[in-house]
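Here the structure is laid out as structure tokens; the discussion comes afterwards.
Positions are given from 1, in the same order as the sequence printed here. Everything numeric in this text was worked out from a predicted model, so none of it was measured.
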Amino acid sequence: MSLPEPPLLPQDPEEQALVGDPRLAHAIALFNGGDWYACHDGLEELWHETSGRMRPLLQGILQIAVAELHHERGNLRGATILMGEGLGRLQGDLEGGLGLDLDNLRLQVGARLQALQQQRPLRGLDMPYLAVKIQA
């Protein structure tokens with residue numbers, strides 16, 4: 001029986017720094033726990049410190065968190081706008097994507113955005129979740 005290979009370190013130095021930053025791990029845990037406001041604060045701090053290719057990714061995740069907060073508070077228009085903007089920022093060249101499963105996140109957010117656009121309830125749809133991508 002062989003051991004799984006460790007995840008490859010990203011080549012981009014800024015992405016390497018973010019992946020190793022405990023604040024990112026904390027923000028991801030807050031996101032996955034549905035603590036949208038605290039997650040926003042943590043991601044915003046990292047986003048302000050980032051200037052490279054990871055900046056749009058952080059902003060996209062941040063916008064999705066704020067969209068969920070708007071949804072919780074009944075601001076469906078704000079939720080729809082920010083969900084769409086966040087999803088848009090998850091497209092393009094995101095290098096290693098901070099080791100996150102962005103394909104699954106895009107599917108989850110896309111389904112929620114479609115429901116918001118059609119003014120359907122989000123009940124029964126998966127909550128956005130930041131899963132770590134498993135290396136093959």
Side-chain angles (χ1 to χ4, degrees):
M1 181 164 112
S2 63
L3 295 173
E5 291 186 36
L8 298 175
L9 285 177
Q11 293 181 356
D12 180 290
E14 185 174 65
E15 187 175 3
Q16 282 182 4
L18 283 166
V19 167
D21 192 321
R23 296 175 300 166
L24 178 64
H26 183 67
I28 289 170
L30 293 168
F31 185 99
N32 289 342
D35 192 347
W36 308 117
Y37 192 85
C39 171
H40 160 268
D41 286 346
L43 287 173
E44 189 171 52
E45 182 178 333
L46 291 167
W47 177 73
H48 282 296
E49 297 172 8
T50 304
S51 60
R53 291 170 28 180
M54 293 298 100
R55 188 172 168 89
L57 174 56
L58 290 173
Q59 187 176 15
I61 296 169
L62 194 156
Q63 287 176 313
I64 291 164
V66 175
E68 290 294 337
L69 182 62
H70 279 302
H71 181 261
E72 279 182 0
R73 294 180 176 178
N75 179 0
L76 300 183
R77 183 174 186 276
T80 304
I81 291 168
L82 283 171
M83 193 77 71
E85 288 180 4
L87 182 59
R89 284 189 171 77
L90 297 183
Q91 313 302 323
D93 182 15
L94 301 173
E95 186 81 15
L98 300 173
L100 300 172
D101 183 354
L102 297 180
D103 290 336
N104 193 45
L105 181 62
R106 286 182 197 108
L107 289 173
Q108 293 165 341
V109 172
R112 294 176 76 77
L113 176 60
Q114 186 176 38
L116 285 166
Q117 289 170 332
Q118 295 172 355
Q119 299 179 354
R120 291 186 292 115
L122 301 185
R123 276 188 314 275
L125 295 175
D126 289 337
M127 292 295 288
Y129 187 83
L130 296 170
V132 175
K133 195 182 332 179
I134 297 174
Q135 299 293 329

Item to check | Residue pair Asp41, Leu30: steps toward the side-chain contact (heavy atoms from CB on, under 4.5 Å) verdict | outcome: CA-CA 10 Å; Asp41 286 346; Leu30 293 168; over 6 Å; no
Where [X] and [Y] come nearest, the two heavy atoms and their spacing:
X	Y	answer
Ala111	Leu125	O-CD1, 3.8 Å
Ala27	Cys39	O-SG, 3.6 Å
Lys133	Leu100	CE-O, 3.3 Å
Leu116	Thr80	CB-OG1, 3.4 Å
Ala115	Pro121	CB-O, 4.2 Å
His71	Leu76	CD2-CD2, 3.6 Å

Indicate if [X] and [Y] have the same hydrophobic cluster label, given that clusters are the connected sets of ILVMFWY residues with side-chain heavy-atom separations under 4.5 angstrom.
X	Y	result
Leu57	Tyr129	no
Met127	Leu122	yes
Ile81	Ile64	no

Checklist entry - Do the side chain of Asn32 and the main chain of Leu130 share a donor and acceptor less than 3.5 angstrom apart? => result yes
Next on the checklist: So does Gly60 get a backbone contact from the side chain of Glu85, meaning a donor-acceptor N/O pair under 3.5 Å?
Outcome noted: no
Checklist entry - Can you name the salt bridge (Lys or Arg N to Asp or Glu O under 4.0 Å) partners of Asp101, sequence neighbours left out? => result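 For Asp101, no residue satisfies salt bridge (Lys or Arg N to Asp or Glu O under 4.0 Å) once neighbours in sequence are set aside.
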In Å and rounded to the nearest 0.5 Å, what is the [atom1] to [atom2] distance from [X] to [Y]?
X	Y	atom1	atom2	answer
His26	Glu45	NE2	CD	10.5 Å
Met54	Gln16	CE	CD	11.5 Å
Ile61	Leu43	CD1	CG	6.5 Å
Glu15	Leu24	CD	CG	10.0 Å
Leu46	Arg55	CG	CZ	11.5 Å

Next on the checklist: So, using side-chain hydrogen bond (donor to acceptor under 3.5 Å, both in side chains) as the criterion, who are the partners of Glu14 when residues are at least two apart?
Outcome noted: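 Partners of Glu14 under the side-chain hydrogen bond (donor to acceptor under 3.5 Å, both in side chains) test: none.
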Next on the checklist: Under the rule for side-chain hydrogen bond (donor to acceptor under 3.5 Å, both in side chains), what residues qualify as partners of Asp35, not counting sequence neighbours?
Outcome noted: none
Checklist entry - Does any non-hydrogen side-chain atom of Leu82 lie less than 4.5 Å from one of Leu69? => result no
Next on the checklist: Quick test of your reading of the model: are Arg23 and Glu49 salt-bridged, counting only N-O distances below 4.0 Å?
Outcome noted: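 The answer is yes: the pair qualifies as a salt bridge.
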Checklist entry - Can you name the residues that form a ring-ring contact (aromatic ring centres under 6.0 Å, His included) with Trp36, not counting sequence neighbours? => result Phe31
Item to check | Test log, rule side-chain contact (heavy atoms from CB on, under 4.5 Å), inputs Leu98 and Leu58 | outcome: CA-CA 9 Å; Leu98 300 173; Leu58 290 173; 4.0 Å; yes
Next on the checklist: Which residues pass the side chain to side chain contact (heavy atoms under 4.5 Å, CB included) test with Arg106, not counting sequence neighbours?
Outcome noted: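 Scan of Arg106 (side chain to side chain contact (heavy atoms under 4.5 Å, CB included), adjacent residues dropped) gives Leu87, Leu90, Gln91, Leu94, Leu102, Asp103.
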Item to check | side-chain hydrogen bond (donor to acceptor under 3.5 Å, both in side chains) contacts in which one or both residues fall within residues 108-125, not counting sequence neighbours | outcome: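 Sorted result for residues 108-125: Glu68-Arg112, Gln118-Arg120.
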